[in-house]
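One structure is given below, encoded as structure tokens.
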Amino acid sequence: MRLINTETLELHEFFEWDQDEITFQEMVSKSPSTMVKAGYKKIQDTCKMAQSRGQQWAWIDTCCIDKSSSAKLTESINSMYRWYQNSHECYAYLVDYDPRSLPQDELEKCRWFTRGFPLQELIAPKTVIFFDRDWNVVGGKGDNDDILGIIARTTGISELVLSGSQPVGNSTIAERMLWASSRETTRPEDKAYCLLGIFEVNMPLIYGEGDNAFRRLQEEIIKRSNDLSILAWGHTSQL
């Protein structure tokens, strides 16, 4: 959002995302001020890692989605779960994971597991590889039963769902809501929008509608399902 400085009468833009993250516009321009940001270094490291693993193309939500276009943003968020499903592999960069740590000691403490949109990044892809802050491989969700168990305990998601052995749709609506109940989003609307793929729902994005986004999500779920566990979920403030 933009606010006016009451002393200077100058407009100042306040970002609702991490200011170190690179936007679509910054990625296109590649100005000197963009290329010194920590977010640009993360993009470079991601592409370097992908290239070393034989991948020609990489997708990063912060810089590959044009958030200035409501049509592009709506299309991207409604398609995101499917894109993750079809990816060859997904990288989870854990900036707060110390390279000297052991997964059983530190993995569950990582902030990545507390955020809204990473829920679909964890569930949808066939392969998710976790990297520590120095880009060393911590492990993958399907590589090591111990790591899979840690993730299951941390997230409340069954190992069968995490490994892809059980379709997400086999879990009740209440179970899927519970997976997201303790996760945080920068904008209140994203508490609903980050779950669109989890519930196989498509709907327009209306930033500014606040908690009504979650009510719209519930209405769309009820239209598609006779699972009454949604009625036992409780007040939307739980999410």
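Between the side chains of D66 and Q25, at least one donor N or O lies within less than 3.5 Å of an accepting N or O. A donor and an acceptor atom, one from each side chain of S76 and S79, are nowhere located under 3.5 Å apart. No side-chain donor-acceptor contact under 3.5 Å links S158 and Q166. In this structure, a donor-acceptor pair under 3.5 Å is absent between the side chains of Y40 and D20.
Contact between V36 and S33 at its shortest, heavy atoms only, is CG2-O, 3.3 Å. Heavy-atom minimum distance, P125 versus K141: O-NZ, 3.0 Å. Heavy atoms only, all atoms of each residue included: V138 and D132 are closest at CG2-N, 3.6 Å. Across every non-hydrogen atom of E89 and Q55, the tightest pair is OE2-CG, 3.9 Å. For E159 against G149, the heavy-atom pair with the smallest separation is OE2-CA, 3.5 Å.
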Practice prompt. Starting from the C-alpha separation in whole Å, work towards a yes-or-no answer on side chain to side chain donor-acceptor pair (under 3.5 Å) for S229 and D227.
Written response: CA-CA 6 Å; S229 70; D227 181 354; 2.8 Å; yes
Practice prompt. Decide yes or no on side chain to side chain contact (heavy atoms under 4.5 Å, CB included) for F113 and L107, but give the supporting numbers first.
Written response: CA-CA 9 Å; F113 291 104; L107 190 59; 4.0 Å; yes
Fill in: Full working for side chain to side chain contact (heavy atoms under 4.5 Å, CB included) between V168 and V161
CA-CA 6 Å; V168 173; V161 172; 4.1 Å; yes
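Annotation: Q51, atom CD; neighbour count of heavy atoms from other residues, nucleotides and ligands within 6.0 Å does not exceed 12. Atom CD of E209 has more than 12 heavy atoms from other residues, nucleotides or ligands within 6.0 Å.
Counting only heavy atoms from C-beta outward, the side chains of L119 and L195 approach each other to under 4.5 Å.
Taking the six-membered ring wherever Trp is involved, the centroid distance between the rings of F130 and W112 falls below 6.0 Å.
Note on R215 versus D211: no salt bridge recorded, every NZ/NE/NH1/NH2 to OD/OE distance being 4.0 Å or above. Salt-bridge check for E219 with R216: failed, with every basic side-chain N at 4.0 Å or more from each acidic carboxylate O.
Hydrophobic clustering (side-chain heavy atoms under 4.5 Å, transitive across Ile, Leu, Val, Met, Phe, Trp, Tyr) keeps F131 apart from I60. Under the 4.5 Å side-chain heavy-atom criterion for Ile, Leu, Val, Met, Phe, Trp and Tyr, L122 and F199 are members of the same hydrophobic cluster. Put simply, M203 and I222 are part of the same group of oily side chains (I, L, V, M, F, W, Y) that touch within less than 4.5 Å, one to the next. Clustering ILVMFWY residues whenever any of their side-chain heavy atoms sit less than 4.5 angstrom apart, transitively, puts I129 in a cluster other than the one holding F117.
Atoms CD and CD, on E26 and E21 in that order, are 10.0 Å from each other to the nearest 0.5 Å.
The only option from K30, K42, K37 that meets the side chain to side chain contact (heavy atoms under 4.5 Å, CB included) definition with I22 turns out to be K37.
With hydrogens and angles ignored, the 3.5 Å screen pairs no side-chain donor or acceptor of Y81 with any backbone N or O of C194.
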